[in-house]
Amino acid sequence: MKKKKTSPLLPLGKAVFALSAFLIAALSSARADEPCKLATLTGPYVFTTLGQEAGGYAATFFVLTSDGNGNLSGSGTESLNGTIISNVTATGTYTADYSCEFTATTTDELGNVRDLAGTIIQKGGRIDGISTGPGTDFQFTAFLQHRDVCTVSSGAGYIVSDIRSALTPYGSSTAAEQWNISKKGTGTGNWVANYGGTIAQGTATATFNTNDDCTYTEAVTRSDGTTANYYGAKGLDGFDTVIWLAIETDNGWASISTITLLCSYWPRC
Amino acid sequence: MRKHKPSWLRVHENLLLGLVSLLLALAPSAAYAAGGAPHCSVPEIDGGFAVTALGQQAGGYAAMVFVMTADGNGNLSGTGTESLNGTVFSNVTVTGTYTASYGCFFTAALTDSLGNVNNFSGVIAQNGYELIGLSADAGTQMQFTAYRLKYTQCTLATIAMKYGAQVQSPLTPSGSSFANEEWAIQKVGTGTDSWVADYNGTISQGTATATFSVNSNCTYTETVTNNDGSIGHYFGVGGIKLNDVGWVRMATDSGWVSLTTGYFR
């Protein structure tokens, strides 16, 4: 009788397969129920807030580095009822509990104290929450900045900007923009905006100045002759496709822009 | 005389086929990276969408959540819930039309069964899977978002997962409010939550339990019992699974204009 030929590697192959399956299952399970701790939040985070504080509308934008031990430090820009203050430093402390609840208290060099509470999601890649200081009413979002070095060409391509403005010279505003950003630091865009119930739309051009630490400034000239200036951060590039965040730096504005990719994966674009 | 393939080609034939296939698949991406302009069209906007709007309309605050179908030919139809200055209307049907420009801008004109006409415009993002925009009618100011549904049929299991949720409420019986919630939803249609809320500067926090009822079209209703004894009711749309967003919902209690976005944890 002819004997069936067996490979000496077969038992090893089965063992490797079984081990791989076990590891995949174990890792998936661990990720699904991964608890949070202070070290879950380590690295630079771009914090934005938008809402009300100190009796007026406010927007803030900070890049705060979390040391993984409960401490925050960094700098940013604030709009307090339309008054812009740039290059503001801030320090703070944070907690992150087992169930991924987050609290933080930050104090800026102007003496403003902000208490925050929220939820850590996407394994520390993002934090969403609200203000918990008395007399304040704002939302905050923080994204881990995945890149720590950027150039003017970082993020070049087609992007979409979702702009929420609690305060503008024309009332509150919502706007949507689409930009084609070149690798040379210029951009062309189309936009539509609703300023307190009045609709406007047009085109725009922009120039970008990108810093090594991935912060940038942007000057926009719109087809209606208006100009706008922004301070932001690139390099977020996280799971949920938010790539940049920015605050408008013109007096009279309290406005935050959230920038995502127009096309994040092929082959649809 | 029959020609034979060179031996190296025979050996690497599968590898070469694989490489060619990969190159073909990556070609559009390469074109985009090289600066090729993205383009959109009406047929690309097709299928089910969870549609939300929040802001001001007709002199009051308004929120709406709809599940809508885009037919790929410029027509929309759907059903949902609206809160117009705190008066809640359920089972509202809506029909409409939409455009999608080559440059990836969209417009939508919606007429609901109450006779309300709403126009929206904005940008088509995420390869047509997300529409970001605003109300385009004079005297209105609403933010508009539409997420393409991943599923055409939903069950309780579709929404069973852990979420972080952001709640925006321009109108509540206690003033405007922001809240943040952390949910664990079970396949049996129950959920537990811890939350913190800021009602016009007054902070409160607690825990809650919820029961969910999911319809096959991915809409759902939710009853939340908070540990302070208060009860909230919601209408939502699940089955989105677009990157980080899992569901959207709105409060269906009178006196509330409130929209929640649930993010995967």
Side-chain angles (χ1 to χ4, degrees), chain A residues 32-33 51-52 99-101 115 117-123 126 128-139 141 156-158 160-162 164 171-178 180 182-183 190 192-199 201 239-241 260-269, chain B residues 25-29 31-33 35-39 44 55-56 103-105 121-128 130 132-143 145 162-166 168 176-182 194 196-203 205 243-245 263-265:
Chain A
D33 296 310
Q52 291 179 285
S99 63
C100 295
E101 290 181 7
D115 295 309
T119 306
I120 300 164
I121 62 176
Q122 295 163 19
K123 307 179 196 329
R126 177 173 176 165
D128 290 325
I130 63 168
S131 59
T132 54
T136 65
D137 194 14
F138 61 77
Q139 281 186 300
T141 304
Y158 286 85
V160 171
S161 185
D162 184 6
R164 309 280 166 90
S172 62
S173 164
T174 305
E177 299 179 343
Q178 184 204 107
N180 179 13
S182 77
K183 291 182 178 178
N190 296 282
V192 57
N194 183 327
Y195 291 101
T198 301
I199 315 303
Q201 57 187 327
F239 171 70
D240 59 6
T241 72
T260 56
L261 290 167
L262 193 148
C263 302
S264 57
Y265 43 88
W266 46 268
R268 288 186 68 93
C269 287
Chain B
L26 288 175
S29 180
Y32 169 61
H39 55 271
E44 285 181 2
Q56 289 180 289
C104 294
F105 268 76
S121 63
V123 182
I124 301 165
Q126 303 293 330
N127 311 63
E130 182 175 359
I132 298 168
L134 46 90
S135 57
D137 296 300
T140 68
Q141 188 172 37
M142 305 183 79
Q143 60 197 45
T145 309
K162 291 185 175 179
Y163 301 93
Q166 279 188 306
Q168 298 179 77
S176 66
S177 164
F178 290 122
N180 184 261
E181 301 174 344
E182 188 175 319
S194 61
V196 57
D198 183 335
Y199 287 98
N200 214 15
T202 302
I203 313 303
Q205 57 186 330
N243 299 319
D244 57 339
V245 176
Y263 297 91
F264 295 110
R265 280 172 56 194

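Sequence lines set the chain letters: A, B, ... in the order given, protein chains first and strands last, and positions in each chain run from 1.
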Item to check | Residue pair B:Asp244 / A:Ile121, side-chain heavy-atom distance below 4.5 Å | outcome: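 No, their side chains stay 4.5 Å or more apart.
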Item to check | Heavy-atom check, side chain of B:Gln166 versus side chain of A:Thr141, under 4.5 Å | outcome: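 Of all side-chain heavy-atom pairs linking A:Thr141 with B:Gln166, at least one is under 4.5 Å.
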Item to check | Qualifying residues under ring-ring contact (aromatic ring centres under 6.0 Å, His included), relative to B:Phe178, sequence neighbours excluded | outcome: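 For B:Phe178, no residue satisfies ring-ring contact (aromatic ring centres under 6.0 Å, His included) once neighbours in sequence are set aside.
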Relative to chain A, which segment of [X] carries a heavy atom at a distance below 4.5 Å: side chain, backbone, both, or neither?
X: B:Ser177; result: backbone
X: B:Ala179; result: backbone
X: B:Glu130; result: neither

Taking all heavy atoms of [X] and all of [Y], pick out the closest pair and write down the distance.
X: B:Val196; Y: A:Thr132; answer: CG2-CG2, 3.9 Å
X: A:Gln178; Y: B:Cys104; answer: NE2-CB, 3.5 Å
X: A:Thr174; Y: B:Leu134; answer: O-CD2, 3.1 Å

Could you have a look at [options] and say which one has the most heavy-atom pairs with chain A under 4.5 angstrom?
options: B:Gln143, B:Met142, B:Gln56; value: B:Gln143
options: B:Gly55, B:Ala136, B:Gly122; value: B:Ala136
options: B:Ser135, B:Ala197, B:Gly164; value: B:Ser135

Next on the checklist: If you apply the rule side-chain contact (heavy atoms from CB on, under 4.5 Å), what do you find for B:Ile132 with A:Thr260, and how did you get there?
Outcome noted: CA-CA 10 Å; B:Ile132 298 168; A:Thr260 56; 4.3 Å; yes
Please classify the contact of [X] with chain B as side chain, backbone, both or neither, using a heavy-atom distance under 4.5 Å.
X: A:Ser172; value: both
X: A:Glu177; value: backbone
X: A:Asn190; value: both

Checklist entry - With chain B, which of A:Ser131, A:Ser161, A:Ser182 has the greatest number of heavy-atom pairs at distances under 4.5 Å? => result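 Top option by heavy-atom pairs under 4.5 Å: A:Ser131.
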Checklist entry - Any idea which of A:Ser173, A:Gly51, A:Pro134 has the most non-hydrogen atom pairs under 4.5 angstrom with chain B? => result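 Going by pairs under 4.5 Å, I would pick A:Ser173.
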Checklist entry - Can you tell me if A:Asp128 uses its side chain to pair, donor with acceptor, with the backbone of B:Asn180 under 3.5 Å? => result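 Such a contact is absent between A:Asp128 side chain and B:Asn180 backbone.
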